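Letters go in sequence order (proteins before strands), and every chain restarts at 1. These numbers come from a predicted model, not from an experiment.
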Amino acid sequence: MTIAEPTRATAIPERPSIDGLEDKWAPVWEEQGVFAFDRSILDERGREGVYAIDTPPPTASGSLHVGHVFSYTHTDLVARYKRMAGYEVFFPIGWDDNGLPTERRVQNYYGVRGDASLPYDPDFTPPREGGEGKSVKAADQVPVSRQNFIELCDILTVKDEETFEDLWRRLGMSYDWSLSYRTIDDHSRATAQQMFLRNLAKGEAYAADAPGLWDVTFQTAVAQAELEARDYPGHYHRVAFHRTDADAPVFIETTRPELLPACVALIAHPDDERYQGLFGKTVRSPLFQVELPVLAHPDAEMDKGAGIAMCCTFGDLTDVTWWRELRLPTRSIVTRTGRLLGEAPAWITHEAGIAAYEGLAGRTTFSARAAVVDLLRESGDLVGEPTPTQRKANFYENGEKPLEIVTSRQWYIRNGGRDADLNAALIERGREIAFHPSFMRARYENWVGGLNGDWLISRQRFFGVAIPVWYAVGADGEPDRDALILPREDQLPVDPAAQPAPGYDESQRGVPGGFVGDTDIMDTWATSSLTPQIALDWRGGEGDAGSLWSQIFPMDLRAQAQDIIRTWLFSTVVRSHFAENTVPWHHAAISGWILDPDRKKMGKSKGNAETPEGMVKEYGADGVRYWAASAKLGTDAAFDIGQMKVGRRLAIKVLNASKFALSFGEEPAGVSGGAGGSAALRRAVTVDVDRSMLTALADVVGKATAAFDAYDHARALEVTEAFFWTFCDDYLELVKDRAYGGQGEAAAQSARAALRIALEVLLRLLAPFLPYATEEVWSWFHDGSVHRASWPVPAEADVPAGSVSPAVLAGLGGALAGIRKAKSEAKTGMRAEIARVTIAADPAAVSGIRAGEADLRAAGRVTGDIDFADAATLEVRDAVVVPVERTPR
RNA sequence: GGACGUGUAGCUCAGCUGGUUAGAGCGUUCGCUUCACACGCGAGAGGCCGGGGGUUCGAGUCCCUCCACGUCCA
């Protein structure tokens, strides 16, 4: 990096262009620290001087897509506005690089698979590199040790993050890059582990054996928030159970006959007349001959199937409810690999049952199902043939097979899913946050209100933050899961799978009297729910009154997309509620989705112009930002190349119009250097037309500011842009002749001064949206960055001569439009002269137009008389258009 | 089935607490090299404001209901 050169007013190019501005200005902003957070503000103005933003760390192993560009731009708009409005903006960015998406990408990229049973190989070379996109079959993956696998994850994520950073910089994201973090770096891991230990100490985190959702492909537990209900084809099988007190069948219907050996009861609704006589009695299961009770529970659906269901441990979440509430025994047959137990379980005692099970042992649920159906058909217990059905099954959002429910020991953090008081408290926390738009709060409350269990944070994977726990091993060589060995906070981060427990030696691992490490890692959200703590250095700053953490937390704004309210937003609230008894931030800005032209959620990008890189190349960062900025928070938006083109045009227009406004040389009073026009400039504005324009501009400043303050960037843009276009089309055309000196020196000075004042205000109003074009223009006549200039205030447009109604300019614009229309209808060019014309309007409008008559005559090339007349609405008529001979050049 | 959101010109969207003939941009049609801009400028056409009820002097805007679409949860 070279020594920073100060931004300097440069010559105005002959033909200004927006192409290449990203390469020109992004490095300058970095070198000059334009977006660097200056913590001395805390000494000068305290917390009031800071605006702190909590930004989602994008998944490093995915790819940044248009949806990211969309919502991250929204956040950047707020950051830039707040920065110009006088706040020192704390705006960090991180990368979320742990978790399953990274593992999957590493598997495919290098063709490897983690295997915890293998030893570390320091000389390992991956079989290949760069297998983008294509997945590698499990059989072709080379197994590697946990440590080797983690190293590959580390290499690839860093590589990915560099390309991401480059894109964010080109897009003009105004992060302070010195604050960036990775959720897998030592600081993040230590923070996550320390908070976990605090939660553990206070009973907010705990381990428990419980039935939970399990992905057999990834072989890990899955949390409620990661579920996805999908349509899944299946068959209803009508199966006969047999009463033990009578020779009579009881028919049930099930989509999962292979779970018959795991059946623990039959259950019907307590009000169901058909089964009143059966409650309390027992039946015998077909094939396996296990005696089972018939019980009543309100969750049984009377109108579904036979109205009576078999309860297995476990086929679905309803089974879990029944099992828990009716205190049924646990008879699991599905193992973590998705295969059935290898031997007949103890509860099957009948000889025929044991024999039947032999055909199922060790098979996948899919092949076991077919086998059970065959057996039922033989025994005559299958009634009719299976009938096809579509049902909803739970999937892990990244998985391909339906989830099984497996009993295992897992770590949880309480989240109100099993505790009504905590649930109410967390809903109340949500009400302390101002959601933008406000209806997004409903999503938060719906989710929290619908929780049915605590937050499962442990995953049986490789690349992530380790659960910082060891267990003492007893004299019998068995680990004692209640004898936790915990690290001190100053020892964090730790990896119990690789490091010995405190006070032990590595040689004591797994031996009697020694220790074992917990092999689980935390779910990604258990770390990213601490982004405020990570970014503000809670760990290093807790208890230090002068630290960023103690001075800034809670933050001002959480910005994110709507899909992760239930995960990221909620989990951050949970952590903050436990640790600090407060909300983590006061505002939440929620962006919508990007939809492709078919109104579907935008999938993976298809063409080059639909990748963020391609978009920026094609339309410029300003053009892409304009598209994102024109959509309101919380509203899904269409992927719209047309809007990017419009934004590109707007940026080009800014360059050209500015070139014109600045083409009259240095003003006599000199350049103000920042905040909107010196006193001398304002004194020079004496002409009504100019004063009218500035009055309208002051109104625009007020509206744009109010819109930004209400987190409505789209409205701020709309108001500013609308003014800017009429400013170019009408005002610039009207005053052009006068500014060139056509009406004398004083009149020219008024126009030039008004142009200069308006330009300074407009550039700053547009700066958050078009950071590159506005910075380029600003550099033509200012030192320093427009992005550190002060946000305009309406008073900047006040001139000593007094304000003039915006109606004057509007009336002149209308009159000019009428003249243009006459020329257009005469099919002449705009250079045609008007020999005579009548302008009819109400008296007030007429007097306004008369005040600017000289400008109107020049802009419309009116050489003859203008007759004024009375009319309710403005009308230009009886124009005599005189075409001009085309002069060959 | 429940919650939330959306439905306004061919397309993408504005229309704040109900108030004059419903707006913008894109696209389209016609015209123009006009000394900031042809990566431009000017003009025109184009709308039973999803359907049906109601409240009101007055409804795109408020209420009810139905329909369609989207997302999430069952």
Side-chain angles (χ1 to χ4, degrees), chain A residues 12-19 224-225 227-229 299 317-318 392 394 437-452 561-563 565-566 592-593 595 597-601 619-620 623 626-627 630-632 634-664 703 706-707 710 712 714-715 717-719 721-722 725-726 728-730 732-733 736-737 739-740 755 759 777 816-832 859-861 872-873 883-884 886-889:
Chain A
I12 303 173
E14 191 55 40
R15 279 184 63 84
S17 166
I18 66 162
D19 295 322
Q224 189 182 348
L227 294 187
E228 205 170 272
D299 283 359
L317 292 171
T318 311
K392 290 283 185 187
N394 283 319
S438 55
F439 67 76
M440 286 293 176
R441 174 177 288 105
R443 306 208 174 184
Y444 176 90
E445 297 195 354
N446 285 349
W447 174 254
V448 179
L451 287 169
N452 54 31
Q562 50 155 316
D563 55 324
I565 291 174
R566 65 180 185 172
W593 279 117
L595 307 176
D598 305 331
R599 296 267 100 190
K600 295 283 177 207
K601 198 172 122 188
Y619 310 108
Y626 175 90
W627 159 72
S630 54
K632 293 187 292 191
T635 304
D636 293 343
F639 178 75
D640 190 353
I641 285 170
Q643 278 297 98
M644 297 181 202
K645 290 182 180 166
V646 173
R648 182 181 160 83
R649 279 185 34 193
L650 176 64
I652 293 169
K653 194 77 173 177
V654 166
L655 296 184
N656 287 316
S658 301
K659 182 189 172 197
F660 170 73
L662 294 170
S663 64
F664 305 102
K703 283 177 174 155
D712 189 353
R715 174 148 181 78
L717 173 59
E718 186 191 349
V719 163
E721 187 194 8
W725 281 110
T726 46
C728 290
D729 295 343
D730 290 352
L732 289 187
E733 294 301 330
K736 189 175 281 183
D737 169 73
Y740 278 124
L755 285 172
L759 181 63
V777 172
L816 181 58
I819 290 170
R820 286 168 175 159
K821 183 172 178 176
K823 292 179 182 179
S824 200
E825 283 173 353
K827 296 197 186 289
T828 66
M830 290 298 129
R831 285 173 68 222
R861 295 187 176 246
T873 54
V884 212
R886 192 172 297 184
T887 47
R889 296 224 160 149

A.B. asks: Might you list the N or O atoms of the protein lying below 3.5 Å from N or O atoms in nucleotides 41-45 of chain B, with each pair's distance?
C.D. replies:
residue, atom, partner, partner atom, Å
B/rC41, OP1, A/K653, NZ, 2.4
B/rG42, OP1, A/D729, OD1, 3.3
B/rG42, N2, A/S824, OG, 3.1
B/rA43, O4', A/S824, OG, 3.4
B/rG44, OP1, A/K821, NZ, 3.2

A.B. asks: I'd like the P distance from B/rC62 over to B/rU20, given in whole Å.
C.D. replies: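 Approximately 16 Å lies between the P atom of B/rU20 and that of B/rC62.
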
A.B. asks: Would you tabulate the side-chain donor-acceptor contacts of residues 650-658 of chain A under 3.5 Å, counting partners in other chains and residues two or more places apart, or write 'none'?
C.D. replies:
residue, atom, partner, partner atom, Å
A/N656, ND2, A/I652, O, 3.3
A/S658, OG, A/V654, O, 2.5

A.B. asks: Please find the pair of heavy atoms, one from A/G634 and one from A/P437, that lie closest to each other, and give the distance.
C.D. replies: CA-CD, 3.6 Å

A.B. asks: Less than 4.0 angstrom between a side-chain N/O of A/R15 and OP1 or OP2 of B/rA38, yes or no?
C.D. replies: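 It does, given that an N or O in the side chain of A/R15 lies less than 4.0 Å from OP1 or OP2 of B/rA38.
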
A.B. asks: Once side chain to side chain contact (heavy atoms under 4.5 Å, CB included) is applied, do any residues pair with A/S17, and if so which ones, sequence neighbours excluded?
C.D. replies: A/D19

A.B. asks: Taking the P atom of each, how far is B/rC49 from B/rU21, in whole Å?
C.D. replies: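 Each nucleotide's P atom is 15 Å from the other's.
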
A.B. asks: The test is side-chain contact (heavy atoms from CB on, under 4.5 Å); show your working for A/W447 and A/Q224 and say whether it passes.
C.D. replies: CA-CA 11 Å; A/W447 174 254; A/Q224 189 182 348; 4.0 Å; yes

A.B. asks: Have a look at A/I565 and say if it touches a base, only the backbone sugar-phosphate, or nothing, with a 4.0 Å heavy-atom cut-off.
C.D. replies: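 Result for A/I565 = nothing.
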
A.B. asks: Name all stems that contain residues of RNA chain B, defined as runs of 3 or more consecutive Watson-Crick or G-U wobble pairs, both distances under 3.5 Å.
C.D. replies: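 Output for stems: B:1-7 with B:67-73, B:10-13 with B:23-26, B:28-32 with B:40-44, B:50-54 with B:62-66.
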
A.B. asks: Can you give me the N/O atom pairs linking the protein to nucleotides 14-17 of chain B at distances under 3.5 Å, or say none if there are none?
C.D. replies:
residue, atom, partner, partner atom, Å
B/rA14, OP1, A/K632, NZ, 3.3
B/rA14, O2', A/E718, OE1, 2.9
B/rA14, O2', A/E718, OE2, 2.9

A.B. asks: Taking atom P in both B/rC64 and B/rG27, compute the distance separating them and give it to the nearest angstrom.
C.D. replies: 41 Å

A.B. asks: Closest approach to the side chain of A/Q224, judged atom by atom: which nucleotide of B/rA74, B/rG5, B/rG25 is it?
C.D. replies: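 Comparing B/rA74, B/rG5, B/rG25 against the side chain of A/Q224, the answer is B/rA74.
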
A.B. asks: Could you tell me how far B/rG46 sits from B/rA9 if I compare only their C1' atoms? Round to whole Å.
C.D. replies: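 The answer is 6 Å between these two C1' atoms.
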
A.B. asks: For A/A706, give me all partners under side chain to side chain contact (heavy atoms under 4.5 Å, CB included), at least two apart in sequence or on another chain.
C.D. replies: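 Side chain to side chain contact (heavy atoms under 4.5 Å, CB included) check on A/A706 returns nothing, list empty.
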
A.B. asks: How long is the line joining CG of A/L717 and P of B/rG25, in whole Å?
C.D. replies: 14 Å

A.B. asks: Could I get the full list of salt bridge (Lys or Arg N to Asp or Glu O under 4.0 Å) partners for A/E445, not counting sequence neighbours?
C.D. replies: A/R431

A.B. asks: For A/W593 and B/rC4, give me the distance from atom CH2 to atom C1', rounded to whole Å.
C.D. replies: 16 Å

A.B. asks: Between B/rU21, B/rG70, B/rC72, which nucleotide gets closest to the side-chain atoms of A/R566?
C.D. replies: B/rC72

A.B. asks: Please list, chain by chain and in numerical order, all residues satisfying salt bridge (Lys or Arg N to Asp or Glu O under 4.0 Å) with A/R820, sequence neighbours excluded.
C.D. replies: A/D730

A.B. asks: When rounded to the nearest Å, what value does the distance between P atoms of B/rG58 and B/rG53 take?
C.D. replies: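 Comparing P positions in B/rG58 and B/rG53 gives a spacing of 16 Å.
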
A.B. asks: Kindly point out which of B/rG25, B/rU71, B/rC73 is positioned nearest to the side chain of A/Q562?
C.D. replies: B/rU71

A.B. asks: Could you measure between the two C1' atoms, the one in B/rC13 and the one in B/rC32, and give it in whole Å?
C.D. replies: 30 Å

A.B. asks: Considering only the C1' atoms, how many Å lie between B/rG25 and B/rG15, rounded to the nearest integer?
C.D. replies: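 Those two atoms are separated by 15 Å.
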
A.B. asks: How far does the P atom of B/rG7 sit from the matching atom of B/rA14, given to the nearest Å?
C.D. replies: 7 Å

A.B. asks: Can you tell me the distance, in whole Å, between the CZ atom of A/R648 and the P atom of B/rA38?
C.D. replies: 13 Å

A.B. asks: Let me know the distance between CG of A/L451 and P of B/rA74, rounded to the nearest Å.
C.D. replies: 10 Å

A.B. asks: Let's see if you can work this out: which of B/rU34, B/rA74, B/rG25 has an atom nearest to the side-chain heavy atoms of A/R831?
C.D. replies: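 Among the listed nucleotides, the one closest to the side chain of A/R831 is B/rU34.
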
A.B. asks: Listed by chain and number, what are the side chain to side chain contact (heavy atoms under 4.5 Å, CB included) partners of A/E228, not counting sequence neighbours?
C.D. replies: A/R230, A/E397

A.B. asks: Just how far, in rounded Å, is C1' of B/rA24 from CD of A/E721?
C.D. replies: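 Distance check: A/E721 CD to B/rA24 C1' gives 9 Å.
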
A.B. asks: Nearest-nucleotide wise, let me know which of A/N446 and A/Q643 is further upstream toward the 5' end of RNA chain B.
C.D. replies: A/N446

A.B. asks: Please name all residues satisfying salt bridge (Lys or Arg N to Asp or Glu O under 4.0 Å) with A/K632, sequence neighbours left out, ordered by chain then number.
C.D. replies: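 For A/K632 there are no salt bridge (Lys or Arg N to Asp or Glu O under 4.0 Å) partners, ignoring immediate neighbours.
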
A.B. asks: Of A/A442 and A/E228, whose closest RNA chain B nucleotide lies nearer the 5' terminus?
C.D. replies: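 Final value for this comparison: A/A442.
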
A.B. asks: Please answer whether the main-chain N or O of A/F660 pairs with a side-chain N or O of A/S663 as donor and acceptor at a distance below 3.5 Å.
C.D. replies: yes

A.B. asks: Roughly, in whole Å, what's the span from CD in A/E445 to C1' in B/rC73?
C.D. replies: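 Going from CD in A/E445 over to C1' in B/rC73 covers 15 Å.
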
A.B. asks: Rounding to an integer number of Å, can you tell me how far A/D636 CG sits from B/rU6 P?
C.D. replies: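 Distance, rounded to whole Å: 11 Å.
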
A.B. asks: Test of understanding: with salt bridge (Lys or Arg N to Asp or Glu O under 4.0 Å), list the residues that count as partners of A/K736, not counting sequence neighbours.
C.D. replies: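 By the salt bridge (Lys or Arg N to Asp or Glu O under 4.0 Å) rule, A/K736 matches A/E733.
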
A.B. asks: Sequence neighbours left out, what passes side chain to side chain donor-acceptor pair (under 3.5 Å) with A/K659? Give chain and number order.
C.D. replies: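 If we apply the side chain to side chain donor-acceptor pair (under 3.5 Å) test to A/K659, skipping adjacent residues, there are no hits.
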
A.B. asks: Is there a donor-acceptor pair closer than 3.5 Å between any side-chain N or O of A/K823 and the backbone N or O of A/M830?
C.D. replies: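 Side chain of A/K823 to backbone of A/M830, a donor-acceptor pair under 3.5 Å: yes, one is there.
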
A.B. asks: Can you tell me how far C1' of B/rA74 sits from CG of A/D299, to the nearest Å?
C.D. replies: 12 Å

